[in-house]
Amino acid sequence: MMAPRMLRCLALGLLAGAACGGGGGGDAVGEPADASPYYFPEGGNAAGDGGGGAGFPGTRISARAAAIVGVSADGAWTAYSEGETLFAAPTGGGDEIELGDALVLAFFDGNALVIYEGDFSAGGYDLSIWLPGAEAPERIVGDAWGDVGVAPDLAHLWFTRTNDDGDARIVVSEIDGSAAETIAPDVWASSGCRPRGGFLGDGALVLSYCPAQSGPDDPRTVLHYAIGGEVEIVDDAARAWVTLSPTGDAFAYARDGQAVRVMALDGAVLAEDDGDEAVSSILFTPDGETIVYPDDRDQIRALAVAGGFAAATIAEGVDVAAISPEGARALVATRVDGNGFAALVIAALDGGDTLTLEDGTEAAASGFTTDGAFVVWRDDAAEWGNGYWTYSVRARATGGEGEPVRLAERAWPPLLAADGRIVVVADINPRDTSGRLVLASAATGEVETLADGVFLQAALVPPDGRAIVYSVVDPEREGDDFGVYVLALP
């Protein structure tokens, strides 16, 4: 289970776990939509307090000294916390709703807001689900662990509950907590062994988990459960966590004996790499037609899903950081002297030439821009101060032309917005966490300052990534500068 301190750090919304000494970053958004009701064209703003409030750009949707929790998948709602009190408000402006006052952790799973409250030492957390527009969250259970997933149709969810013996069990229920059914009675859900997977479509659940009394290095169990049906144990000797296909009809995992397998929901084996190397993680390409994974011989392999029984080695490396939007290239980290990452390279899935982006980098917060033309990463020039890490953010064209461009210094991990642009809080002062909220171009390296202040977080507004929400708390200004703002990207 996630440690209570980390849960609380995440709940307070500090960007990328900064105050918790962690890493991480925003997710890349999908291709820009033709139209979004939460994108404000021509530099206009959403309805709200009529402008940038007290000196910050965009529309202030809350005057609270709050940290952003997240934005719903459709971009319609923004959740934020002030202390341990949770709120939600329409991203386009409107009345806020108070959702609880003992917050430990909250996050959007699609359009559903998952809320954990209380004290785990009392027997578990209070787990609630809030659906946009509801007057209040629906309490599910009072003995929850830190694992949950919501079906895309918002009709069902799975979660872990405590057992009397200190282990956990996996439960599936309707979205209001009714019709609960235990599908895995004895699970070890502690740190390093929390269940992974989720819903494939609306009625099928695929999870991998560690059985009770096991550990993160022991075999894992993979199960498939169709709502209203029987639990099927797919494999009880899995080695890599299950990965779900973006097409919603298949999943992949590594079996004991190190065979990588892709399976359909009906149990058919779609592809298999029956090698003798251990596999740590598996990624699907966006179209679901290929899986990419590293083995313990420091090789990156690719396997076609449709009738694939012959994997190809595409590069030397230890980790696959990302797959390009068109699914033809992988971003790979390589090893030096058995410790650390030596270089960041782009490898073609068809086995073509690799491109070294830069030596001596860290791949942890890297990704392709939405058009696939650039790669953005944080390098190893990290600085520690006042309880958090900051990084240097770089970008380079994936075609190899030009040199790496340094976009920001002393920054939190970047958010990849639409059209090859990057939003990042940079030039952070370790004494008071003040900095600049900037918009950078991966193509030109040009950086535009959107605002100066003390920022807690910035997040993209789905589905098109053409607007952001950000929160600011600036003790050097008047109190009415505090707030949560929404800003259309120019």
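Computed over heavy atoms, backbone and side chain alike; hydrogens, waters and symmetry mates excluded. Computed from a predicted model, the values in this text were never measured in an experiment.
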(request) Answer yes or no: is there a donor N or O on one side and an acceptor on the other, between the side chain of R396 and the main chain of E403, under 3.5 Å? (result) no

(request) Identify the heavy atoms of L349 and G327 that sit nearest to each other, and give their distance. (result) CD2-O, 3.4 Å

(message) Quick one: does any side-chain atom of T91 pair with a main-chain N or O of G75 as donor and acceptor, under 3.5 Å?
(response) yes

(request) Look at the side chain of Y116 and the backbone N and O of W145, then say whether any donor-acceptor pair between them is shorter than 3.5 Å. (result) yes

(request) May I ask you to test the V447-L439 pair for a side-chain heavy-atom distance under 4.5 Å? (result) no

(message) A cation-pi test, strictly: NZ or CZ of R64 under 6.0 Å from the centre of the six-membered ring of F87 and no more than 45 degrees from its axis. Yes or no?
(response) yes

(request) Using a 4.5 Å cut-off on heavy atoms from C-beta on, say whether the side chain of V332 contacts that of I346. (result) no

(request) Say whether, by atom type as modelled, one donor and one acceptor occur between the side chain of R410 and the main chain of Y391 under 3.5 angstrom. (result) no

(message) Return the OG to CZ distance between S392 and R378, rounded to the nearest 0.5 Å.
(response) 11.5 Å

(request) May I ask you to check whether W412 and F455 place their ring centers less than 6.0 Å from one another? (result) no

(message) Could you measure the distance from the CG atom of L283 to the OG1 atom of T290? Nearest 0.5 Å is fine.
(response) 12.0 Å

(message) Is it the case that the side chain of S72 and the backbone of W77 share a donor-acceptor pair, with hydrogens and angles ignored and the cut-off at 3.5 Å?
(response) yes

(request) Decide yes or no on salt bridge (Lys or Arg N to Asp or Glu O under 4.0 Å) for D419 and R466, but give the supporting numbers first. (result) CA-CA 9 Å; D419 303 330; R466 296 179 180 274; 2.8 Å; yes

(request) Could you give me the CA-CA distance, side-chain angles and deciding distance for T398 and R329, then say whether side-chain hydrogen bond (donor to acceptor under 3.5 Å, both in side chains) is met? (result) CA-CA 10 Å; T398 55; R329 297 163 295 170; 2.9 Å; yes

(request) Look up atom CG in L127 and atom CG in L157, then write down how far apart they are to the nearest 0.5 Å. (result) 6.5 Å

(message) If you apply the rule side-chain hydrogen bond (donor to acceptor under 3.5 Å, both in side chains), what do you find for S208 with R220, and how did you get there?
(response) CA-CA 6 Å; S208 54; R220 298 150 193 165; over 6 Å; no

(request) Walk me through it: do L357 and L331 pass the test side chain to side chain contact (heavy atoms under 4.5 Å, CB included)? (result) CA-CA 10 Å; L357 294 173; L331 187 59; 3.8 Å; yes

(message) For residues 344-354, which residue pairs pass the side-chain hydrogen bond (donor to acceptor under 3.5 Å, both in side chains) check, not counting sequence neighbours?
(response) none

(request) Quick one: closest heavy-atom pair of A250 and L270, and the distance? (result) CB-CD1, 4.0 Å

(message) Checking the side chain of T449 only, and the main-chain atoms of A451 only, is there a donor and an acceptor separated by less than 3.5 Å?
(response) no

(message) Run Y209 and D147 through side-chain hydrogen bond (donor to acceptor under 3.5 Å, both in side chains) and show every step you take.
(response) CA-CA 11 Å; Y209 62 90; D147 310 285; over 6 Å; no

(message) Using only atom types and a distance under 3.5 Å, with no angle test, would you say the side chain of T369 pairs donor to acceptor with the backbone of F374?
(response) yes

(message) Using 0.5 Å steps for rounding, measure from the CD1 atom of I129 to the CD1 atom of I115.
(response) 7.5 Å

(message) Tell me whether N111 contacts the main-chain N or O of D74 through its side chain, where contact means a donor paired with an acceptor under 3.5 Å.
(response) yes

(request) Determine, step by step, whether V292 and I323 satisfy the side chain to side chain contact (heavy atoms under 4.5 Å, CB included) criterion, reporting the C-alpha distance in whole Å, the side-chain angles of both residues, the deciding distance to 0.1 Å, and the verdict. (result) CA-CA 9 Å; V292 185; I323 305 293; 3.9 Å; yes

(request) Please identify each residue that fulfils side chain to side chain contact (heavy atoms under 4.5 Å, CB included) with E316, with sequence neighbours left out. (result) Q299

(request) For side-chain hydrogen bond (donor to acceptor under 3.5 Å, both in side chains), just list the numbers for R301 and T313, CA-CA rounded to whole Å, side-chain angles, deciding distance to a tenth of an Å, and then say yes or no. (result) CA-CA 4 Å; R301 295 172 67 79; T313 298; 3.0 Å; yes

(request) Answer with yes or no whether the side chains of E96 and Y80 bring together a donor and an acceptor at under 3.5 Å. (result) yes

(message) Side chains of T160 and V148, heavy atoms from C-beta outward: is any pair under 4.5 Å?
(response) no

(message) Measuring from atom CG of L415 to atom CD1 of I468, what distance do you get when rounded to the nearest 0.5 angstrom?
(response) 8.0 Å

(message) As a quick check of understanding, evaluate side chain to side chain contact (heavy atoms under 4.5 Å, CB included) for Y470 and V484, giving each step before the final call.
(response) CA-CA 6 Å; Y470 68 93; V484 178; over 6 Å; no

(request) Assess whether atom CD of E326 is packed by more than 12 heavy atoms of other residues, nucleotides or ligands within 6.0 Å. (result) yes

(message) Are F284 and V262 packed together at the side-chain level, in the sense that at least one heavy-atom pair is separated by less than 4.5 angstrom?
(response) yes

(message) I'd like to know whether T78 forms a side chain to side chain contact (heavy atoms under 4.5 Å, CB included) with V486, so could you lay out the CA-CA distance, the side-chain angles of the two residues, the decisive distance to 0.1 Å, and finally the verdict.
(response) CA-CA 10 Å; T78 296; V486 57; over 6 Å; no

(request) Can you measure from OG (S441) to CD1 (I422) and round to the nearest 0.5 angstrom? (result) 7.0 Å

